[in-house]
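This is a predicted model, so every value here is computed, not measured.
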Amino acid sequence: MVSLTADMSPLRPDRNLALELVRATEAASIRAVPFIGRGDKEAADGAAVDAMRAFLGTVNFQGRVVIGEGEKDNAPMLFNGEVVGSGRGPECDIAVDPIDGTSLTAAGRQNALSVIAVSDRGTMLDASTVFYMDKLVTGPAGVGVVDIRLPIGENIRLLSKALDKPIDEIVVSVLNRPRHEKLIEEIREAGAGTRLMSDGDVAGGINAARHGARTDMCVGVGGSPEGIVTACAIKALGGHIQGRLWPRDDDERQRGIDAGLKMDHVYEAEDLVQGDNTLFVATGVTDGQLVAGVRREGNYVYTESVVLRGASGTLRRISSEHLVSKWL
């Protein structure tokens, strides 16, 4: 197995794949800046996609897009099966979301990210035929404790005990959607609080798994691409993630079955992404709990990114400043 953090080229031994990928998420985030709060999520996504694709083309790896975002709403996208990278270096599966939270970006709300997840070739679940997934994410305390097959109230009680934290102090993140009305009601009936997200469940899942974060669990139906991306991050955080595919109709269900996906099956972290040779990188587009958003001051643009490496369980923060003249 070729390490995803090995030197990619004898000509540039100091280049690290994770740091190269950060350049791509930084580029996508910066290019989205003119569209923050402008109400046009398609334009924001298109600018981010173009920037990410251009920078991925310079990275020394052989990347195959297993999960590309955008197909479900006809948005611009890095398409499934697209080959990216320089053609040299390790063969990798990648999941990309140039902007996780296009609606957040268009509205100028918090928690929009640009994200890339990478694993060894053939290790990432291709769930592209079913666009949504029911997920349960917690930090390390939930490993072997909570289970997506249990009622949410029972999972809250189990996690409360594992964390040695009163139930009324447990906070659960959920996407604010009509499909979650009953789930939200059950969380509150169990005595826990909710943090309702308007979008961006990658950040919601990671925040639920991070040490010292203000949420303890993230549940509910969100995007399948986001589930795969989140799984790569959870591997590094030592947290818990489970997912069940959520087809919207019989036709989508059959497409998933034809593609070899299991319906009514609980996918564990190892089913979503095999092994721990994973990388997750994210750059903030707008401010959030995980990272700060892009900020412009005079002739400079500032970005904040995180890099999570599964093999070492390391989370690194990268703060960068960029000349406006080179970007905007």
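- Panel note: side chain S160, backbone I156; no donor-acceptor pair is recorded below 3.5 Å.
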(message) Q254 vs D250, test: side-chain hydrogen bond (donor to acceptor under 3.5 Å, both in side chains). Steps then yes/no.
(response) CA-CA 6 Å; Q254 190 58 51; D250 290 340; over 6 Å; no

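- Note on V273: it clusters hydrophobically with V202, by side-chain heavy-atom contacts below 4.5 Å among ILVMFWY residues.
- Few gaps surround CZ on R179; more than 12 heavy atoms of other groups in view lie less than 6.0 Å from it.
- Separating the OG1 atom in T129 from the CZ atom in R253 is a distance of 12.0 Å, to the nearest 0.5 Å.
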(request) Evaluate the criterion side-chain contact (heavy atoms from CB on, under 4.5 Å) for residue pair R295 and Y302; output intermediate values, then yes/no. (result) CA-CA 5 Å; R295 186 178 86 256; Y302 299 88; 3.6 Å; yes

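- Judged purely by atom type and a 3.5 angstrom limit, D287 uses its side chain to pair as donor or acceptor with the backbone of G293.
- Taking CD1 of I94 as the start and CD1 of I228 as the end, the distance is 14.0 Å to the nearest 0.5 Å.
- If you chain together hydrophobic residues whose side chains sit under 4.5 Å apart, L237 and V291 fall into the same group.
- For D249, the CG atom counts as densely surrounded, since its 6.0 Å shell holds more than 12 non-hydrogen atoms of other residues, nucleotides or ligands.
- Side-chain atoms of S114 never come within 3.5 Å of backbone atoms of I99 as a donor-acceptor pair (strictly under, hydrogens ignored).
- Remark: E169 does not engage K165 in a salt bridge, criterion side-chain N to carboxylate O under 4.0 Å.
- Side-chain N or O atoms of Q242 include one that pairs as donor or acceptor with a backbone N or O of I148 at under 3.5 Å.
- V66 and N80 make their closest contact through O-OD1, 3.6 Å (heavy atoms, listed as atom of the first residue, atom of the second, distance).
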(message) Evaluate I170 against L163 for side-chain contact (heavy atoms from CB on, under 4.5 Å), listing each step before the verdict.
(response) CA-CA 9 Å; I170 297 290; L163 289 170; 3.9 Å; yes

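- Heavy atoms of other residues, nucleotides or ligands lying less than 6.0 angstrom from CG of D258 number more than 12.
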(request) Take V96 and I67 through the side-chain contact (heavy atoms from CB on, under 4.5 Å) test and state the conclusion after the steps. (result) CA-CA 6 Å; V96 298; I67 297 291; over 6 Å; no

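- The residues D147 and R149 are annotated as salt-bridged, a charged nitrogen and a carboxylate oxygen being separated by less than 4.0 angstrom.
- In terms of modelled atom types and a separation under 3.5 Å, the side chain of D93 and the main chain of G122 share a donor-acceptor contact.
- Shown are L21, L315, V22; of these, the side-chain contact (heavy atoms from CB on, under 4.5 Å) with V307 is made only by V22.
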(request) Could you check S305 against T283 for side-chain hydrogen bond (donor to acceptor under 3.5 Å, both in side chains), going step by step and ending with a plain yes or no? (result) CA-CA 4 Å; S305 306; T283 301; 2.7 Å; yes

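- Atom OG1 of T25 and atom CG of D100 lie 12.5 Å apart (nearest 0.5 Å).
- In this structure, C232 and L279 approach most closely via the heavy-atom pair CB-O, 4.1 Å.
- The minimum heavy-atom distance linking A51 with R31 is given by the pair CB-CG, 3.4 Å.
- Looking only at distances, no side-chain donor or acceptor of D120 sits under 3.5 Å from a matching main-chain atom of T123.
- In this structure, the side chain of D45 does not engage the main chain of K41 through any donor-acceptor pair within 3.5 Å.
- Following chains of ILVMFWY side-chain contacts shorter than 4.5 Å, one can reach V137 starting from V306, so the two form part of one hydrophobic cluster.
- Between V174 and M197, the closest side-chain pair of non-hydrogen atoms is not below 4.5 Å.
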(request) Take R195 and R214, measure what side-chain contact (heavy atoms from CB on, under 4.5 Å) needs, and give me the verdict at the end. (result) CA-CA 10 Å; R195 175 155 292 169; R214 288 177 282 178; 3.7 Å; yes

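- At a threshold of 4.5 Å between non-hydrogen side-chain atoms, the residues N111 and D199 do not count as touching.
- In this structure, K182 does not pair ionically with E185, as no charged nitrogen and carboxylate oxygen lie closer than 4.0 Å.
- A distance-only check finds a donor-acceptor pair linking the side chain of E304 to the backbone of A292 [under 3.5 Å].
- For the residue pair S86 and N60, a side-chain donor N or O sits within less than 3.5 Å of a side-chain acceptor on the partner.
- Of all heavy-atom pairs between G284 and L113, the closest is CA-CD2, 4.1 Å.
- Salt-bridge formation is not detected for the pair D264/R244: no Lys NZ or Arg NE/NH1/NH2 atom is positioned less than 4.0 Å from an Asp or Glu carboxylate oxygen.
- Using a 4.5 Å cut-off on side-chain heavy atoms (C-beta onward), L245 and S224 make contact.
- Contact record, V118 with C92: CG1-CB, 3.6 Å, taken as the closest heavy-atom pair.
- In this structure the side chain of H322 never reaches within 4.5 angstrom of the side chain of Y300, judged on heavy atoms.
- Ion pairing between E154 and R157 holds under the 4.0 Å rule for side-chain N and carboxylate O.
- Contact of the D216 side chain with the L159 side chain is registered, since non-hydrogen atoms from C-beta on lie closer than 4.5 Å.
- A distance of 7.5 Å separates OG in S128 from CG in L261, rounded to the nearest 0.5 Å.
- When hydrophobic clusters are built by joining Ile, Leu, Val, Met, Phe, Trp and Tyr residues whose side-chain heavy atoms come closer than 4.5 Å, directly or via intermediates, V130 is grouped together with L125.
- R188 and T194 share a donor-acceptor pair across their side chains, judged by distance under 3.5 Å alone.
- The existence of a salt bridge linking E270 and K235 is confirmed by a sub-4.0 Å separation between a basic side-chain nitrogen and an acidic carboxylate oxygen.
- In this structure, a donor-acceptor pair under 3.5 Å is absent between the side chains of Q274 and S119.
- For the atom pair L158 CG and T138 OG1, the distance stands at 11.0 Å (nearest 0.5 Å).
- Remark: R317 CZ is packed, more than 12 non-hydrogen atoms of other residues, nucleotides or ligands lying under 6.0 Å away.
- A salt bridge links R53 with E82; the closest basic N to acidic carboxylate O contact falls under 4.0 Å.
- M217 and L175 fall into different hydrophobic clusters, defined by Ile, Leu, Val, Met, Phe, Trp and Tyr side-chain heavy atoms under 4.5 Å apart, directly or through other members.
- Ring-centre distance between W327 and F55: below the 6.0 Å cut-off.
- Considering only heavy atoms from C-beta on, R109 comes within 4.5 Å of S198 through its side chain.
- In terms of modelled atom types and a separation under 3.5 Å, the side chain of R309 and the main chain of F280 share no donor-acceptor contact.
- Closest approach of T105 to A112, counting heavy atoms only: OG1-CB, 3.3 Å.
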(request) Could you walk me through whether R23 and E20 pass the salt bridge (charged side-chain N to carboxylate O under 4.0 Å, His left out) test, one step at a time? (result) CA-CA 5 Å; R23 293 172 62 233; E20 290 294 278; 3.3 Å; yes

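- Taken from NZ in K262 to CD1 in I257, the straight-line distance is 13.0 Å, to the nearest 0.5 Å.
- Residues V219 and L183 form a side-chain contact, since some pair of their non-hydrogen atoms from C-beta on lies under 4.5 Å apart.
- A salt bridge is defined here as a Lys NZ or Arg NE, NH1 or NH2 lying under 4.0 Å from an Asp or Glu carboxylate O, and K135 with D201 meets this definition.
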